[in-house]
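Notes to accompany the following structure.
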Amino acid sequence: MTTMADRIDDNLSLISSSEAVDQINGSFYSRFPFPWRPKSLDCTSDPDFARVMCNQNLGDWTHHRVPANPHIWVAGCGTNQAAITALHFPNAAVLGSDVSTSSLELCASTARDLGSTNLELRNESINQAGYRGQFDYIICTGVIHHNADPEVTLTKLANALKPAGVLELMVYNRYHRILTSAFQRGVRLLAGTEGRPDFQKELSITRSLLDSYPGEGLMQVLVNQHKHAPEAQIADSLMQPVENSYTIETLEDMVARCGLELVAPSPNAWDTGTRNTTWNLRFSQDDIQRSYDAFPDSRRWQITNLLLCENSPMLWFYVQRTDSPVKKRTEQEICEAFLETRFRSNAVTRHSYMLNADNRFTQASSPALPYPGIPIKPELRKIIEKVNSGITMNRALASLGIARDFATVNSLRFRLTTSVSPFLRAIP
């Protein structure tokens, strides 16, 4: 159980029971469905592309960890995530669950527009779900931290995993949420809604503060960032009824209590957009670098979380059961296998679905484009050219005179073979 000392800075005044918080969240996200619909959705010509790249995110160069035709649960799917998952994993059976009926209606509408036939949607809380050992892959990002006791919610997810299954989990980084949690609590005090939410009253006060904020400093920066934001973004950031947040240390402790373990960071578009993409630091002091690199993965990530603070990446990780038949590998071991693997360029095409004036997705009339193209950095293009000749990554780097220390290799792995930089596909 997370202690109050761990949670003192969070937004927890409305917690009375899991059922009550489920009802509050259901009402909140029905009033403010989140996220809003994107202007376009993309899909590649290879129906197995997303699964392959997901496996490579995990350092599985054989592409077996998330199996072909997987059973996937998008737990707390919101308005888009289950439909997008069904689009990207057309050979999967995808279940999307959420407590917001409005979000599920929007998700179903998107799935119909995309022609998806592999998606089932259910209006249910993770806390009430009774799945046991059913899913190869569970996606739960930005959800459990909005629950009365995230540890109870996470245990439900752990129970739903198959023994060799993988959970993609994101919770709020404590150092990212200090300002938002404080703003949320301040608005609730101003509105007099600490015991019972009144979303319309809180929205009115929030908009008034965005128009004319009485202070300055970092909170002023946060306010300015939301002045012209969509209503759903304002609500999700500045009015969320319940918000827990974590550090690497407290996340790892909670995960362990649920019979789970952190496996690897999950590459994601949010970190890529802010360029806060790495959990591994580069120090100019050789002695510090050697000491840092020698630590276990989670200790290095903890140091990074503390030293980078608000600029550390999101707490977005792959997690597995501690009794998984698949042995957890360190990042160092993943990089060693990466060096001994042969790769080829990903050569697929990508087409888009565009949101039209009727708020419906239709396939763009423009022709499909080559994807992912070629990287901007010349050194990456040279590596791709070398590995396309059929040699291992180790030989390719050696022939180019590129160092093969852990920090360099791990960076190249991220920049060439993950879902956010999918230039290379392993040849099993």
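- Glu261 and Thr322 form no side-chain donor-acceptor contact under 3.5 Å, judged by distance and modelled atom types alone.
- Closest non-hydrogen pair, Ala82 versus Gly96, comes out as CB-CA, 3.9 Å.
- Between Arg174 and Asp10, at least one side-chain nitrogen of the basic residue sits less than 4.0 Å from a carboxylate oxygen of the acidic one, meeting the salt-bridge criterion.
- In the model, Asp22 has no side-chain atom that pairs as donor or acceptor with a side-chain atom of Asn25 under 3.5 Å.
- Looking at Tyr131 and Leu95, their side chains come closer than 4.5 Å, going by heavy atoms from C-beta outward.
- Using a 4.5 Å heavy-atom cutoff, the side chains of Thr392 and Leu339 are not in contact.
- Checked by atom type, the side-chain pair Gln240/Asp236 shows no donor-acceptor distance below 3.5 Å.
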- Quick one: do Leu380 and Arg415 satisfy side-chain contact (heavy atoms from CB on, under 4.5 Å)? Show the steps, please. CA-CA 8 Å; Leu380 298 182; Arg415 296 161 65 198; 3.9 Å; yes

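- One finds a salt bridge joining Asp48 and Arg51 here, because a Lys/Arg side-chain nitrogen approaches an Asp/Glu carboxylate oxygen to under 4.0 Å.
- Checking side-chain atoms of Ser102 against main-chain N and O of Pro33 turns up no donor-acceptor pair under 3.5 Å.
- Taking the charged nitrogens against the carboxylate oxygens, Glu120 and Arg122 do have a contact shorter than 4.0 Å, which makes a salt bridge.
- The aromatic ring centroids of His146 and Tyr172 lie less than 6.0 Å from each other.
- Each of Arg177, Gln184, Arg185 was checked for a side chain to side chain donor-acceptor pair (under 3.5 Å) with Asn11, and the lone residue meeting it is Gln184.
- Using a 3.5 Å distance cut-off with no hydrogens or angles, the side chains of Ser421 and Thr418 do not pair a donor with an acceptor.
- For the 3.5 Å distance criterion, the side chains of Ser30 and Ser100 qualify, holding a donor opposite an acceptor.
- A salt bridge is absent between Arg329 and Asp60; no separation between the charged side-chain nitrogens and carboxylate oxygens falls under 4.0 Å.
- Side chains of Ser40 and Ser352: a donor-acceptor N/O pair is absent below 3.5 angstrom, by distance only.
- Put simply, the side chain of Thr44 does not reach to within 4.5 Å of the side chain of Thr349, judged on heavy atoms.
- Counted by atom type alone, Asn55 and Arg65 present zero donor-acceptor pairs between their side chains at under 3.5 Å.
- Taking all atoms of both residues into account, the shortest heavy-atom contact from Gly76 to Gln81 is O-OE1, 4.1 Å.
- Not a single donor-acceptor pair under 3.5 Å links the side chain of Ser116 to the backbone N or O of Leu119.
- Atom CD1 of Ile427 has more than 12 heavy atoms from other residues, nucleotides or ligands within 6.0 Å.
- Between the Ser237 side chain and the Gln233 main chain, a donor and an acceptor come within less than 3.5 Å of each other.
- Between the Asp136 side chain and the Pro70 main chain, no donor and acceptor come within less than 3.5 Å of each other.
- Proximity of Leu307 to Leu281: side-chain heavy atoms (C-beta onward) are separated by under 4.5 Å at one or more points.
- Under the 3.5 Å distance criterion, the side-chain polar atoms of Thr110 are matched with a main-chain donor or acceptor of Leu106.
- A heavy-atom distance below 4.5 Å is not found between the side chains of Tyr29 and Val99.
- Within 6.0 Å of the CD atom in Glu385, the count of heavy atoms belonging to other residues, nucleotides or ligands does not exceed 12.
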- List the steps and the verdict of salt bridge (charged side-chain N to carboxylate O under 4.0 Å, His left out) for Arg207 and Glu202. CA-CA 9 Å; Arg207 286 197 176 281; Glu202 292 161 23; over 6 Å; no

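- Other residues, nucleotides and ligands contribute at most 12 non-hydrogen atoms within 6.0 Å of the NZ atom of Lys386.
- Nearest heavy-atom pair, Leu355 versus Pro38, reported as atom, atom and distance to 0.1 Å: CD2-O, 3.6 Å.
- Between Leu238 atom CG and Gln225 atom CD the span is 10.0 Å, to the nearest 0.5 Å.
- Side-chain atoms of Tyr292 and Thr304 form a donor-acceptor pair, as typed in the model, at a separation below 3.5 Å.
- Counted by atom type alone, Asn305 and Ser312 present one or more donor-acceptor pairs between their side chains at under 3.5 Å.
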- Task: Begin with the C-alpha distance, continue with both residues' side-chain angles, and end with the deciding distance and a verdict on side chain to side chain donor-acceptor pair (under 3.5 Å) for Asn57 and Ser419.
- Result: CA-CA 7 Å; Asn57 290 344; Ser419 56; 3.0 Å; yes

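- Ring pair Phe295/Trp301: centre-to-centre distance not below 6.0 Å.
- No donor-acceptor pair under 3.5 Å is formed between the side chain of Asn147 and the backbone N or O of Thr153.
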- Before giving the answer on salt bridge (charged side-chain N to carboxylate O under 4.0 Å, His left out), spell out for Glu252 and Arg299 the whole-Å C-alpha distance, their side-chain angles and the decisive distance to 0.1 Å. CA-CA 10 Å; Glu252 185 176 33; Arg299 177 59 63 89; over 6 Å; no

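- By the 6.0 Å contact criterion, CD on Glu216 is open, its count of non-hydrogen atoms from other residues, nucleotides or ligands being 12 or less.
- Interatomic distance, SG of Cys335 versus CG of Asp405, reported as 9.5 Å (0.5 Å rounding).
- With hydrogens and angles ignored, the 3.5 Å screen pairs a side-chain donor or acceptor of Asn388 with a backbone N or O of Ile384.
- The shortest heavy-atom contact between Cys140 and Leu167 is CB-CD1, 4.3 Å.
- Residues Arg188 and Met239 share a closest heavy-atom pair of NH2-O, 3.4 Å.
- A donor-acceptor contact closer than 3.5 angstrom links the side chains of Ser97 and Trp73.
- Counting non-hydrogen atoms of neighbouring residues, nucleotides and ligands closer than 6.0 angstrom, the CH2 atom of Trp316 exceeds 12 such neighbours.
- Cation-pi geometry between Arg413 and Phe338 is not satisfied (NZ or CZ under 6.0 Å from the ring centre, within 45° of the ring normal).
- Looking only at distances, a side-chain donor or acceptor of Lys328 sits under 3.5 Å from a matching main-chain atom of Leu262.
- Using a 4.5 Å heavy-atom threshold, the side chains of Glu168 and Tyr137 count as touching.
- Across every non-hydrogen atom of Leu114 and Ala83, the tightest pair is CD1-O, 4.2 Å.
- For Arg425 (side chain) and Phe343 (main-chain N/O), no donor-acceptor pair under 3.5 Å exists by modelled atom type.
- Using a 4.5 Å cut-off on side-chain heavy atoms (C-beta onward), Leu424 and Asn346 make no contact.
- Side chains of Asn394 and Arg404: a donor-acceptor N/O pair is present below 3.5 angstrom, by distance only.
- Under the 3.5 Å distance criterion, the side-chain polar atoms of Thr250 are matched with a main-chain donor or acceptor of Thr247.
- Considering OH of Tyr318 and CD1 of Ile139, their distance stands at 8.5 Å, rounded to 0.5 Å.
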- Query: Can you check side chain to side chain donor-acceptor pair (under 3.5 Å) on Asp297 and Thr330, steps first, answer last?
  - Reply: CA-CA 7 Å; Asp297 288 344; Thr330 66; 5.0 Å; no

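- Between Phe32 and Ile234, every side-chain heavy-atom pair lies at or beyond the 4.5 Å cut-off.
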